[in-house]
Amino acid sequence: MAASPAKRRHKVRRRADMSLLGGIRPPIAILSALLLSLAGITALGFGRAGEDSVPKAVMTSQQHFAEDGAVAMRASIDESAADLARTAGLFNAGDPAQPDAVVDKIGSVYQKWVGTAVVEISSGKMLAARGENVPVAAIDTAKLSEKDGLSPRMVRLANGETRLLSLELLSWEGQPQQLLIASSSLRFPGISLGKFRSIAVIDSTGRILSSDGIPESEQVLTEDQRTGVERSKKQLKAFAKVAAKRAEEHPLKANVPGEGGYMGVSGSLRGDTFQGDRAVAGYAALTGPEPGKGTVATSLGLTVVAMVDVAEDPTRVTDPLFGLLAAGALLLIGALAVGVLLGTVQRPLLRLFLESRRLTRGDLTRPVRVPRHGEAARIGESLERLRRQLLGEHADSDAAGAGRRGRIGARALLVVCGILLLVWSGPMLLLVNRADATAVVPEQITNDQRERTDTLSDRVRRSLNEGHTDLVSVAGLLGERTSPEDMTKVLDRTRNEHARYRSLYVRAADGTILARSGESPRLSDEPKDDAKDGGKDAGKDGRPFADDITVLNDSGTEPVIASYAELSGRDGSTVVGEFRIDFINSLLKRPGLGEIRVIDAERRVLGGNSGYLAFEDLPSARLDELAAGTGQKTGISARAGAVVYRDGGGGVQVAAAAPFVGGGAAKSLNWMVVSWQPAAGLAIPEYNLQNRTVLAGLLGITAAAACLGWLHIIVVRPLREVAKQAESLAGGDRRTVLYPRHHDEVGAIARSLELLRQQVLEQRKRDGAGATTAPANVPAQAPVQAPAGRN
């Protein structure tokens with residue numbers, strides 16, 4: 001049977017009153033969907049936190065290790081090219097020098113090249129050579145004048161090894177041009193490999209140019225060892241092919257978002273297993289120190305691959321049963337909370353909406369079904385009183401029966417639902433799956449922390465040694481006849497080529513500055529005999545201070561680190577270079593090592609990769625004890641060490657310390673590099689499980705707060721106001737106009753109350769004019785249009 005036109009108009013009006021996003025249904029429905037989704041994520045996600053037999057933290061550590069090797073290789077190649085160019089420039093600026101004197105001077109100052117040679121370009125004649133035979137035949141002297149004709153090039157020798165040739169011109173007026181050639185091997189400078197690790201540098205085709213860490217077959221004793229060596233070589237070649245292919249990708253596409261820190265292409269690889277060990281590797285393509293800035297090394301297309309065998313852990317850290325139980329508990333608690341909202345908030349409100357509509361249509365025969373509790377009960381009682389008043393009763397005749405319903409309001413019900421959801425989310429957030437007591441830090445992580453810290457320590461030491469070597473090279477070219485103007489030119493050129501110096505100057509024995517480049521000298525200009533602090537700032541025979549490299553101050557905002565080299569024939573004059581502390585700090589900015597500090601022999605902080613105070617102590621006593629213990633000599637020299645700390649307050653922490661080991665001018669400093677990081681920041685299974693548990697708790701709290709807050713703002717607060725207005729209207733207040741806040745159920749009830757208010761006013765007018773009361777079964781007059789609602 002077709003619906004009547006009046007009923008169709010009623011349905012259309014009812015749909016128009018309901019907002020698409022407002023009302024009580026959307027927040028409860030969305031809360032149900034969110035809790036159901038969270039239960040599914042909990043059931044499926046927790047079992048995957050410890051599935052990998054090799055933790056992601058170990059894989060990431062290998063990637064960082066390869067990045068360290070790439071940074072060291074790039075710095076070594078660029079430094080060698082810059083040193084050769086600067087040396088050639090200094091020779092070209094002076095009087096013509098004999099080829100033998102050139103190669104002898106280079107060999108006495110630098111020990112980084114395996115062979116050097118000077119060739120006459122026009123005739124191709126070898127004029128001088130030192131060290132290993134330089135493959136001069138691989139250089140076409142006729143193409144040196146072309147673009148990039150002097151660029152470094154790699155040459156493969158007959159024995160399979162690869163050499164990197166660096167070229168520079170020696171030009172003097174009236175002399176035939178000569179070609180200075182320096183040959184170096186592609187070996188990694190100062191990379192601490194530890195045990196069972198190998199590292200290689202490959203070209204763009206994946207061919208291994210040099211490698212270290214894998215012994216030759218004849219160097220091992222047993223058949224099993226030889227089998228392991230052959231397997232390692234085969235695995236390294238396989239890694240090299242894959243790494244070379246991936247290195248061709250763009251860094252923004254190849255690197256995982258959010259795991260930056262290295263500006264080139266880098267990553268990790270997983271290999272085969274052998275006797276229970278899994279081969280894993282990290283790779284990193286050589287890239288410049290700044291985005292978009294290429295260097296000599298980056299033009300060679302080299303990639304570093306670091307490989308290590310890691311013991312697999314076949315046990316699972318997590319049990320899928322936990323995820324299922326947690327999801328089931330969430331479903332039960334969520335169903336209870338949603339049931340409370342449906343039964344005590346939504347259903348009574350919808351019932352009131354229908355009852356108020358019935359009254360406005362004039363159906364006054366049936367009493368209003370009044371809900372049991374809260375604002376809905378108050379509104380229902382008010383509607384019943386208004387129904388009676390429309391039937392002829394006075395407002396004060398039923399006032400005594402008002403307010404007898406329970407006063408548990410909708411706001412209290414929302415609090416109850418929030419507590420129910422908090423019963424699940426709170427323990428997940430704060431109590432369940434805490435990893436600090438059970439976290440197992442893989443041994444490889446500890447080893448990598450130690451070896452990378454040792455590599456970083458050696459890099460700082462080598463950088464200081466390189467700075468001192470630069471000063472020796474400069475001092476060798478400043479003779480007794482060099483004018484202060486020419487000295488300044490040489491100092492300016494050296495400081496512009498190397499960013500490590502804040503100031504370079506030539507200092508006479510009496511403290512007078514003969515030439516200077518850069519900032520003002522920090523070294524005292526007092527004569528050496530008046531030096532203070534027990535001779536720290538002065539040495540013997542004209543030396544400005546006792547050691548080749550020293551720290552000039554004991555306090556202040558930053559340490560003043562200086563080095564010097566004596567000038568021949570200048571009666572105690574020296575060239576002094578003061579290092580920029582920012583340059584040393586820039587060497588320490590390596591991802592995956594946490595906090596890093598450079599400390600002196602008294603364990604005072606001199607530099608770091610993050611905020612620190614100069615000359616302060618290490619931040620904890622246990623780090624100080626680690627540094628003190630690592631500084632003790634074991635055998636010939638001290639060795640790097642690492643340890644995992646556990647305590648109730650600070651959690652689990654991985655720390656390492658590495659002293660300066662090796663020769664050079666920086667050896668006398670007795671400095672050390674210390675690094676530490678919380679294990680909570682590592683992607684190991686126990687912390688993965690903890691993080692996922694915390695995330696689940698946060699999602700539960702967020703869903704509850706968002707949806708219940710939505711209900712409170714959109715429904716409960718307007719409902720409380722409507723309940724108060726309904727009681728006032730039923731109590732006799734006919735002046736207050738009721739405006740709906742939103743186009744939803746509460747707004748519809750407010751509009752119905754306004755229509756009832758107008759009907760009561762019309763009835764009072766008729767009663768005041770002596771009109772008779774209509775029978776109860778006669779429908780009331782058509783409702784008067786309510787004022788426009790306010791949003």
Side-chain angles (χ1 to χ4, degrees), residues 73-74 76-92 96-172 174-189 200-212 216 237 240 244 286 294-303:
M73 175 64 72
R74 188 260 305 161
S76 175
I77 294 175
D78 291 342
E79 185 73 29
S80 296
D83 289 340
L84 190 68
R86 182 175 50 80
T87 301
L90 293 176
F91 275 115
N92 292 333
Q98 294 296 322
D100 286 319
V102 173
V103 293
D104 287 339
K105 185 66 176 179
I106 292 176
S108 63
V109 176
Y110 300 103
Q111 288 80 38
K112 62 180 67 177
W113 293 294
V114 296
T116 54
V118 177
V119 178
E120 189 177 82
I121 296 178
S122 58
S123 63
K125 179 182 178 182
M126 177 78 72
L127 301 179
R130 296 293 185 273
E132 182 183 86
N133 291 333
V134 178
V136 178
I139 303 174
D140 188 354
T141 57
K143 297 182 178 180
L144 294 178
S145 59
E146 298 179 359
K147 182 180 179 180
D148 300 329
L150 294 175
S151 299
R153 61 207 64 191
M154 294 182 293
V155 178
R156 193 170 183 86
L157 303 181
N159 59 3
E161 295 185 6
T162 302
R163 293 291 180 263
L164 177 63
L165 302 184
S166 301
L167 313 178
E168 290 295 336
L169 293 178
L170 296 176
S171 302
W172 294 285
Q175 299 281 340
Q177 270 194 330
Q178 301 171 6
L179 182 65
L180 175 61
I181 308 172
S183 173
S184 59
S185 61
L186 292 175
R187 294 288 180 179
F188 291 91
V201 57
I202 63 175
D203 60 13
S204 58
T205 64
R207 184 180 62 179
I208 297 177
L209 303 180
S210 68
S211 63
D212 195 9
E216 297 296 332
K237 290 181 180 178
L286 269 64
T295 65
V296 172
T298 58
S299 64
L300 301 175
L302 302 178
T303 301

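Please read these numbers as outputs of a predicted model, since none were measured by experiment. Side chains are part of it too, since the values below use all heavy atoms of this structure and drop only hydrogens, waters and symmetry mates.
Taking the side chain as every heavy atom from C-beta outward, Thr87 and Leu180 never approach each other to under 4.5 Å. With contacts defined as side-chain heavy-atom distances shorter than 4.5 Å, the pair Leu169/Ile121 qualifies. For the pair Leu302 and Ile77, the minimum side-chain heavy-atom distance is below 4.5 Å.
Across Ala244 and Ser204, no two heavy atoms sit closer than the pair CB-O, 3.8 Å. Among all heavy-atom pairs drawn from Val134 and Ala117, the shortest one is CG2-CB, 4.0 Å. Taking every heavy atom of both residues into account, Ser211 and Ala200 meet most closely at CB-CB, 3.8 Å. The two residues Val296 and Pro152 have their closest heavy-atom pair at CG1-CG, 3.2 Å. The shortest non-hydrogen separation linking Trp172 to Ala97 is CZ2-N, 3.6 Å.
Listed by chain and number, the residues in a side chain to side chain donor-acceptor pair (under 3.5 Å) with Ser123 are Glu120 (sequence neighbours excluded). Residues forming a side chain to side chain donor-acceptor pair (under 3.5 Å) with Ser185 (at least two apart in sequence, or on another chain): none. With sequence neighbours left out, the salt bridge (Lys or Arg N to Asp or Glu O under 4.0 Å) criterion links Asp78 to no other residue. The side chain to side chain donor-acceptor pair (under 3.5 Å) test applied to Asp104 returns Arg130, not counting sequence neighbours. Under the rule for a salt bridge (Lys or Arg N to Asp or Glu O under 4.0 Å), Glu146 has no partner lying at least two apart in sequence or in another chain.
No side-chain donor-acceptor contact under 3.5 Å links Trp113 to the backbone of Ile181. Judged purely by atom type and a 3.5 angstrom limit, Thr298 uses its side chain to pair as donor or acceptor with the backbone of Thr295. Between the side chain of Asp100 and the main chain of Val103, no donor-acceptor pair closer than 3.5 Å is present. Checked by atom type and distance alone, the side chain of Arg153 pairs as donor or acceptor with a backbone atom of Ser151 at under 3.5 Å. A donor-acceptor contact shorter than 3.5 Å links the side chain of Ser210 to the backbone of Leu186. Checking side-chain atoms of Ser76 against main-chain N and O of Met73 turns up no donor-acceptor pair under 3.5 Å.
Between atom CG of residue Leu157 and atom OG of residue Ser183 there is a gap of 7.0 Å, rounded to the nearest 0.5 Å. The CG atom of Asn92 lies 5.5 Å from the OG atom of Ser171; values are rounded to the nearest 0.5 Å. Atom CG in Leu150 sits 12.5 Å away from atom CG in Leu165 (nearest 0.5 Å). Distance CG/Asp83 to CD/Glu168: 11.0 Å, rounded to 0.5 Å.
At a threshold of 4.0 Å, the pair Arg163-Glu132 counts as salt-bridged, since one of the basic side-chain nitrogens sits closer than that to a carboxylate oxygen.
With respect to Leu179, the side chain to side chain contact (heavy atoms under 4.5 Å, CB included) criterion is satisfied by exactly one of Val118, Leu144, Leu127: Leu144.
Applying the ring pair (Phe, Tyr, Trp, His ring centres under 6.0 Å) definition to pairs two or more places apart or across chains, none involves residues 139-165.
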Before giving the answer on side chain to side chain contact (heavy atoms under 4.5 Å, CB included), spell out for Ile139 and Leu167 the whole-Å C-alpha distance, their side-chain angles and the decisive distance to 0.1 Å.
-> CA-CA 10 Å; Ile139 303 174; Leu167 313 178; 3.6 Å; yes
Verdict with supporting geometry, Thr162 and Asp203, side chain to side chain contact (heavy atoms under 4.5 Å, CB included) | CA-CA 11 Å; Thr162 302; Asp203 60 13; over 6 Å; no
Please lay out, stage by stage, how Val102 and Gln178 fare under the test side chain to side chain contact (heavy atoms under 4.5 Å, CB included).
-> CA-CA 11 Å; Val102 173; Gln178 301 171 6; 5.8 Å; no
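For NZ of Lys112, the number of neighbouring non-hydrogen atoms (other residues, nucleotides, ligands) closer than 6.0 Å is greater than 12.
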